[in-house]
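First up is the structure itself, then whatever we jot down about it.
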Protein chains: 2
Amino acid sequence: MSTEEWIDGETKVLEAPEDHGDELRLWLRLLTCSALIESEIRRRLREEFDFTLPRFDLLAQLDKADGGMVLGEVSKRMMVSAGNITALVERLVDSGHVKRTTLSTDRRVQIISLTPFGRTAFRKMAAKHGAWIGSLFAGLSDKDRSLLMRELGKLKKSARDALRGAS
Amino acid sequence: MSTEEWIDGETKVLEAPEDHGDELRLWLRLLTCSALIESEIRRRLREEFDFTLPRFDLLAQLDKADGGMVLGEVSKRMMVSAGNITALVERLVDSGHVKRTTLSTDRRVQIISLTPFGRTAFRKMAAKHGAWIGSLFAGLSDKDRSLLMRELGKLKKSARDALRGAS
DNA sequence: AAAAACAATTTCAAGCTTAAAACGTTTTGC
DNA sequence: GCAAAACGTTTTAAGCTTGAAATTGTTTTT
C-alpha cells in the first residue's frame, strides 16, 4: 500500500462525510425524545382533563399575554398555520375557555383572551403539566439540564441560520 | 430576620422547586428545535418531491428492513397508532411505492415491502434528506453533536424510566 | 376617489392522527 | 373439540394540520 493511497483514504473519511450519518442519528434521537414526552403529555391531558395538547398550548399563550392576543400573533408563537387557529379558537369559544372580540380600529383583527373559566381551568391543568414534565426530566441532573439547554440553544441557532441562508 | 427564617427560605428554594420552571423551559426549547427542523423537512419534501413526511418515514423503515415488515412492527417503530398505518399504507400501495402480502401461515398478518420503484424513489429522497439535515446541524461542532447525543440519551432514559414507573 | 396593493382571517380539500369499537384469525384452557 | 381469550388489523368519529384560494378590510397609489 502506497503512502498516497493511505492518505487518500484518510482524507476521504475526514473531509467528505457526505452521508451525514451522525447528524441523522442525532436528529432521530431528538425526534424520539420529543415524541416520547409529547405523546405522554397528550395522553395525560386527555385522561385527566379530557383536553387536547393544541388546546392547552393555545390557552398557555393567552395566559402569558395579558389583555389578549391577536390571532396572527398566536399563530406565529405556536408555530402553526393561520388556518389552524381558526377552528381551534372556534372550539375553545364553544367550550367557554376563550372569548373573542374584533378590534374597533381595524375590523380585520380578531383579539382573543381567556375567560375567567378558561383561566381557572388552564391554571389547574398547568400545575399538573409542570409536575408531569418535572417527572419526565427527573433523571437529569442540574448539570445535564443546563448542558442540554445550552446545546439545544446552539442547535436552534444553527437551524435558524440554515433557514435564513436557504430562503 | 431570624436564622430559622433565613434557613427556611433557602431550604424552600433548594428542596422544593415545585414550579419546574427549568424543566419547562428545556422542554419548550426541545420542542422548538423539533418543530423548526421538522417543518422545514416537510416543506422541502413537499416542494421537491411532492411527498409527505409520514410517507417518507414509512419508506425509511421499509428500506432498513429487508424482506418486508409486519404492520404492527411498522406501527411500533414509527411510534404511531395502528389505525394510522392502515390509511398510510393504502395510499403508498396506490402510488406504487409499497406492496403488501398476507402471511400464509397467519392470515391476520400483513407484510409490506418496498417495490423497486419505491426503493428507487426513497433512495433519491433520502440522499437529499441527509443533506438537509446536515445543513440544519452544520452550526454544531463534532463536540457539540456528541454532547447533545449523550444528553439526549440521558433524557430518553429519564423519560422511559418515568413512563415505566407511572404505568 | 378609484384602483391597486397589502393584510388578517376564513374556507376548502386533502391528508394525518388518535382512541375505541369491531372484525377476523389464532391460540389457550379446559 | 370448543368456548374464551388474545392478537393483528381495519373501521369509525372526532379533531388537528397544512397550503392555497377566497374573503373582507385597510392603506397606498395615482
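For clarity, every value in this text was computed on a predicted model and none was experimentally measured.
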Mind checking whether B/H129 and B/F51 have ring centres under 6.0 Å apart?
no
Which heavy atom in A/F117 sits nearest to a heavy atom in A/G96, and how many Å separate them?
CD2-O, 3.4 Å
Does anything in residues 85-99 of chain A reach DNA chain C, meaning a heavy atom under 4.0 Å, and if so which residues?
A/T86
Mapping A/G83 and A/R42 to their closest nucleotides on DNA chain C, which lands nearer the 5' end?
A/G83
Go through residues 66-77 of chain B and report each residue with a non-hydrogen atom lying under 4.0 Å from DNA chain D, sorted by number.
B/V70, B/L71, B/G72
Give a yes/no answer on whether the side chain of B/R46 brings an N or O atom under 4.0 Å of OP1 or OP2 in C/dC16.
no
Whole-Å distance separating the CG atom of A/N84 from the P atom of C/dA8
18 Å
Check whether any side-chain N or O of B/S158 sits under 3.5 Å from a backbone N or O of B/K154 as a donor-acceptor pair, and report yes or no.
no
Could you say whether A/L103 or A/M79 is positioned toward the 5' end of DNA chain D, judged by the nucleotide with the nearest heavy atom to each?
A/M79
Students should find that the nucleotides of DNA chain D closing off the region near chain B, any atom under 4.0 angstrom from a heavy atom, are D/dC7 to D/dG19
Can B/D161 and B/R164 be counted as an ion pair, charged N to O under 4.0 angstrom?
no
Does the distance from a Lys or Arg side-chain N to an Asp or Glu carboxylate O, for A/R44 and A/E47, drop under 4.0 Å?
no
Shared hydrophobic cluster, A/V74 / A/V70 (ILVMFWY, side-chain heavy atoms < 4.5 Å)
no
Does any residue of residues 47-61 of chain A have a heavy atom under 4.0 Å from DNA chain D, and if so, which ones, in number order?
A/T52, A/P54, A/R55
Do the side chains of A/D94 and A/R91 get close enough for a salt bridge, i.e. N-O under 4.0 angstrom?
no
B/L71 with B/I111, same ILVMFWY side-chain cluster at under 4.5 Å
no
Is there a donor-acceptor contact under 3.5 Å from the side chain of A/R100 to the main chain of A/Q110?
no
Shared ILVMFWY cluster between B/F49 and A/L24, side chains joined below 4.5 angstrom?
yes
side-chain hydrogen bond (donor to acceptor under 3.5 Å, both in side chains): pairs with one or both residues in residues 60-71 of chain B, sequence neighbours excluded
B/D63-B/R119, B/D63-B/R123
How would you list all residue pairs meeting side-chain hydrogen bond (donor to acceptor under 3.5 Å, both in side chains) that involve residues 68-83 of chain B, not counting sequence neighbours?
B/E73-B/R77
Step-by-step salt bridge (Lys or Arg N to Asp or Glu O under 4.0 Å) determination, A/R25 to A/D22
CA-CA 5 Å; A/R25 271 184 293 277; A/D22 279 4; 3.0 Å; yes
